Amino acid sequence: MITVHHLADSRSQRVVWLVEELGIDYTLKLYPRANGMFSPPQYQALHGLGKAPVITDGERTIAESGAIIEYILEVYGNGKLRPAVGTEDWVRYLQWMHLIEGSVMLPYILNIYVGMLGEAGVPLHGRVHGEVDKHFGFLETEMTGRDFVVGDELTGADFQLTFLLEGASLNEMLGGYPALTRYLGLMQARPAYQRAIARGGSYDLRRLNPS
Ligand SMILES: N[C@@H](CCC(=O)N[C@@H](CS)C(=O)NCC(=O)O)C(=O)O
């Protein structure tokens with residue numbers, strides 16, 4: 001059986017939501033943040049990076065959101081939540097499974113960090129804001145008129161996108177993006193999402209933003 005190691009207020013909420021959507025048995029272990037920011041020593045001991053999410057499954061320890069989602073769908077998914085290999089939906093699915101963490105997270109996080117620099121960050125604003133606009137503009141265009149990232153059904157890619165948008169919403173970065181805002185509301189209204197929030201303990205991304 002899978003154990004989901006859930007770090008408070010973190011990306012591991014993606015995995016709790018995923019196993020709730022699949023309706024599979026799992027063990028949930030909750031870990032508080034250390035100093036309000038980092039994973040605690042017990043979490044660091046799970047995997048060399050010490051980053052959430054991590055799952056364990058028997059002797060296996062697996063880190064990285066996208067890899068965990070793929071693993072769970074392959075081993076426990078019974079064909080659910082991902083398109084058939086070789087279809088056009090699968091081609092889109094593959095890209096969106098990777099582009100959130102691989103491309104969009106960098107400008108998103110840089111924007112927050114550069115903002116913390118105050119006046120010292122001003123020389124970087126043009127480049128960073130340009131990249132944020134480019135990436136979020138792309139997401140908005142792609143998600144306009146869509147209820148899901150791929151086709152007409154929930155897939156693994158929705159778990160990837162939703163976490164990003166939750167952080168962006170709390171950082172007041174979604175004001176000009178109505179399609180992304182609408183989509184986020186649809187995902188958060190799902191019963192399995194609500195169960196994951198209820199079971200998963202603390203999930204308040206505002207706590208991660210230095211004041
Ligand atoms: N690309 C990685 C990012 C992992 C990551 O940065 N996780 C954060 C939580 S959202 C973390 O573990 N932070 C605590 C720390 O750095 O100690 C993934 O998607 O799994």
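As the structure lists them, so they are numbered: ligands from 1, and atoms in each ligand from 1. In this text, all values refer to a predicted model and were calculated from it rather than measured experimentally.
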Chemist: In terms of ring plane angle, is the pair Tyr43 and His5 parallel, tilted or perpendicular, where the classes change at 30° and 60°?
Modeler: perpendicular
Chemist: Please check if any side-chain donor atom of Ser65 sits under 3.5 Å from a side-chain acceptor atom of Arg14, or the reverse.
Modeler: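 Yes - a donor-acceptor pair under 3.5 Å links their side chains.
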Chemist: Can you tell which of Met37, Gln44, His47, Arg11 gets a heavy atom nearest to atom 3 (C) of ligand 1?
Modeler: Arg11
Chemist: Taking the ring of His135 and the ring of Tyr108, is the distance between their centroids below 6.0 Å?
Modeler: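 No, they do not, as the ring centres are separated by 6.0 Å or more.
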Chemist: At less than 4.0 angstrom from any non-hydrogen atom of Arg33, what atoms of ligand 1 do you find?
Modeler: 9 (C), 13 (N), 14 (C)
Chemist: Which atoms from ligand 1 have a heavy atom of Ser10 less than 4.0 Å away?
Modeler: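 Heavy-atom distances to Ser10 below 4.0 Å select 9 (C), 10 (S).
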Chemist: Tell me if the CZ atom of Arg146 is crowded by more than 12 foreign heavy atoms within 6.0 Å.
Modeler: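 More than 12 within 6.0 Å, yes.
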Chemist: Would you call the rings of Tyr193 and Trp17 parallel, tilted or perpendicular, taking 30° and 60° as the class edges?
Modeler: perpendicular
Chemist: Using a heavy-atom cut-off of under 4.0 Å, does the side chain or the backbone of Glu101 touch ligand 1, or both, or neither?
Modeler: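 The part of Glu101 near ligand 1 is the side chain, not the backbone.
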Chemist: Check each of Ile68, Leu46, Leu18, Thr3 against Ile55 using the side-chain contact (heavy atoms from CB on, under 4.5 Å) test, and report the only one that passes.
Modeler: Ile68
Chemist: Both conditions, 6.0 Å and 45 degrees, for the charged tip of Arg60 above the ring of Tyr71: are they met here?
Modeler: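 Output no; distance or angle outside limits.
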Chemist: Quick one: which ligand 1 atoms are inside 4.0 Å of a heavy atom on Pro53?
Modeler: 20 (O)
Chemist: Should one rank Gln160, Glu64, Gln13 by closest heavy-atom distance to atom 18 (C) of ligand 1, which comes out on top?
Modeler: Glu64
Chemist: Of all the atoms in ligand 1, which lie at a distance below 4.0 Å from a heavy atom belonging to Arg14?
Modeler: 19 (O)
Chemist: For atom 12 (O) of ligand 1, tell me which residue out of Gly50, Ala52, Gly66 has the closest non-hydrogen atom.
Modeler: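 Closest candidate by heavy-atom distance is Ala52.
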Chemist: Report yes if Ser65 has an N/O atom closer than 3.5 Å to an N/O atom of ligand 1; otherwise report no.
Modeler: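 Looking only at distances, the answer is yes, because the N/O contact criterion of under 3.5 Å is met.
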Chemist: So is Met105 close enough to ligand 1, meaning a heavy atom under 4.0 angstrom away?
Modeler: no
